[in-house]
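In what follows, a structure is listed as structure tokens, so that the remarks can point back to it.
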Number of protein chains: 2
Amino acid sequence: MVEDNLDYKEYLKEHGLKSTKQRNLLLTLLHEASTFATAEDLYFKAKQADDTISLSTIYRILELFNKKNIINKTTLLEEAKAVFELKPIAHRHHLICLGCKKIIDIDHCPLESFEKKLEATTDFSIVDHKLELYGYCKECKNNIPKKS
Amino acid sequence: MVEDNLDYKEYLKEHGLKSTKQRNLLLTLLHEASTFATAEDLYFKAKQADDTISLSTIYRILELFNKKNIINKTTLLEEAKAVFELKPIAHRHHLICLGCKKIIDIDHCPLESFEKKLEATTDFSIVDHKLELYGYCKECKNNIPKKS
DNA sequence: ATCAGTGCAAAAGCTTTGCAGCGGT
DNA sequence: ACCGCTGCAAAGCTTTTGCACTGAT
């Protein structure tokens, strides 16, 4: 996988970004990741390929990618940490298990017509929305914790 | 307003919470607030009524209210700070202007039937969702900032 | 009187920044 | 060779925690 690091040279150029070892590596890791990742997650994975990479570089690159609209940055539930994912080709949402934290991708977005209606009633121009669903998966349903 | 601080004594008891000056004050402020507020927002407002209240008390009370399901805690967009609001009586979402940050309450939730469908296809038991919509209001539409 | 609640200060966790040196074009 | 990118360490900001005191029942 490490030899693939330069695969994204053209991709980076297309987005007006200089190609560096660290940026290529991070794009590789983001492509490999199947779920949201924190900066720290990516840092530890990155270290396996490049022992000297620093966490601040991860943060700087993620901020850059976010500005260039290559990735999504968000926060899940009430977590303090931000999480990142490659911007999916199609608009998409997530269903997250509160037990085991597994994440299911949902390709269908039920909000298109709702947004149109809202635009009409509020006179807003709606550009985006954030939708995540939370529940318990088949395996975790039977172990739903009590409120404290 | 300050004299109203004890109005919530019964309310607190109902939720199994001891009534204190600080908790009453915070409930007053949360009721007065028309939008999401950060811990710091509430701290500054609280100081006007009680000069010696401390920020850690605000955090502790907010955490407590959140656990007791009296308030919602969430994060908007990519902001670092958490925001809080009294849990509205009816399930509700928000439309947020990216220009002036004004927040419009949306009473209708378009997701009920969608959740049912999802439960059937994924075998999840869905307990909650987070939906916020982002756009530009009538006044801000004409000043949409360019990407950097 | 008891024990939870609070204020203060310090610590912790996530993220950003200053600076000197490295590396891509 | 230039100037942006990176590593390191330090700082910044939000939130949490330890401890001694206060206050509600």
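Chain identifiers are assigned alphabetically (A, B, ...) following the order of the sequence lines, protein sequences preceding nucleic acid strands; residue numbering begins at 1 within each chain.
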Which pairs pass side chain to side chain donor-acceptor pair (under 3.5 Å) with one or both residues in residues 116-128 of chain A, sequence neighbours excluded?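 Checked against side chain to side chain donor-acceptor pair (under 3.5 Å) - neighbours excluded - the pairs reaching residues 116-128 of chain A are Asp123(A)-Lys141(B).
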Is any side-chain N or O of [X] closer than 4.0 Å to OP1 or OP2 of [N]?
X	N	value
Tyr59(B)	dT15(D)	yes
Thr57(B)	dT6(C)	no
Gln22(A)	dG23(C)	no

Start at the 5' end of DNA chain D and walk down; is the nucleotide closest to Ser54(A) or to Glu63(B) reached first?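 Its nearest nucleotide being more 5', the pick is Ser54(A).
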Shorter than 3.5 Å, N or O on both sides, protein versus nucleotides 23-25 of chain D: list them out with atom names.
unit_1  : atom_1 : unit_2   : atom_2 : d
dA24(D) : O3'    : Ser19(B) : O      : 3.4

Would you kindly give the [atom1]-to-[atom2] distance between [X] and [N], to the nearest whole Å?
X	N	atom1	atom2	result
Arg23(A)	dG7(D)	CZ	C1'	15 Å
Leu64(A)	dG4(D)	CG	P	13 Å
Ile58(B)	dT6(C)	CD1	P	10 Å
Leu55(B)	dA11(C)	CG	P	18 Å
Lys47(A)	dT6(D)	NZ	P	16 Å
Tyr43(B)	dT16(D)	OH	C1'	16 Å
Lys68(B)	dA4(C)	NZ	P	13 Å
Asn66(A)	dT16(C)	CG	P	10 Å

Name all residues meeting the side-chain contact (heavy atoms from CB on, under 4.5 Å) criterion together with Ala46(B); count only those two or more places apart in sequence or in a different chain, and write none if there are none.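 If we apply the side-chain contact (heavy atoms from CB on, under 4.5 Å) test to Ala46(B), skipping adjacent residues, the hits are Leu25(B), Leu29(B), Ile53(B), Ile58(B).
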Run the side-chain contact (heavy atoms from CB on, under 4.5 Å) test against Leu86(B) and tell me which residues pass, sequence neighbours left out.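 Per chain and number, Leu86(B) pairs via side-chain contact (heavy atoms from CB on, under 4.5 Å) with Leu27(B), Leu30(B), His31(B), Ile70(B), Ile71(B).
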Kindly write out the residues that satisfy salt bridge (Lys or Arg N to Asp or Glu O under 4.0 Å) with Glu115(B), not counting sequence neighbours, or none if the list is empty.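 With sequence neighbours excluded, Glu115(B) shows a salt bridge (Lys or Arg N to Asp or Glu O under 4.0 Å) to no residue whatsoever.
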Report the residues that fulfil salt bridge (Lys or Arg N to Asp or Glu O under 4.0 Å) with Lys18(B), sequence neighbours left out, ordered by chain and then residue number.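 Scan of Lys18(B) (salt bridge (Lys or Arg N to Asp or Glu O under 4.0 Å), adjacent residues dropped) gives none.
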DNA chain C contacts made by residues 75-86 of chain A, counting heavy atoms under 4.0 Å: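 Result for residues 75-86 of chain A: Lys81(A), Ala82(A), sorted by number.
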Check: residues 104-113 of chain B side-chain donor-acceptor pairs under 3.5 Å, at least two apart:
unit_1    : atom_1 : unit_2   : atom_2 : d
Asp105(B) : OD1    : His94(B) : ND1    : 3.1
Asp105(B) : OD2    : Arg92(B) : NH1    : 3.4

Expected rows: protein N/O vs nucleotides 18-21 of chain C N/O, under 3.5 Å:
unit_1  : atom_1 : unit_2   : atom_2 : d
dG18(C) : O6     : Arg60(A) : NH1    : 3.4

Report the hydrophobic cluster partners of Ile89(B), with the cluster defined as I, L, V, M, F, W, Y residues connected by side-chain heavy atoms closer than 4.5 angstrom, directly or transitively.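 Under the 4.5 Å side-chain rule, Ile89(B) groups with nothing.
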Do [X] and [Y] have side-chain atoms, one donor and one acceptor, less than 3.5 Å apart?
X	Y	result
Lys9(A)	Asn24(A)	no
Lys73(B)	Asn66(B)	no
Lys13(A)	Ser19(A)	no

Partners passing ring-ring contact (aromatic ring centres under 6.0 Å, His included) against Tyr11(A) (at least two apart in sequence or in another chain):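 His15(A).
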side-chain hydrogen bond (donor to acceptor under 3.5 Å, both in side chains) against Glu79(B), all qualifying residues, sequence neighbours excluded: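 By the side-chain hydrogen bond (donor to acceptor under 3.5 Å, both in side chains) rule, Glu79(B) matches no residue at all.
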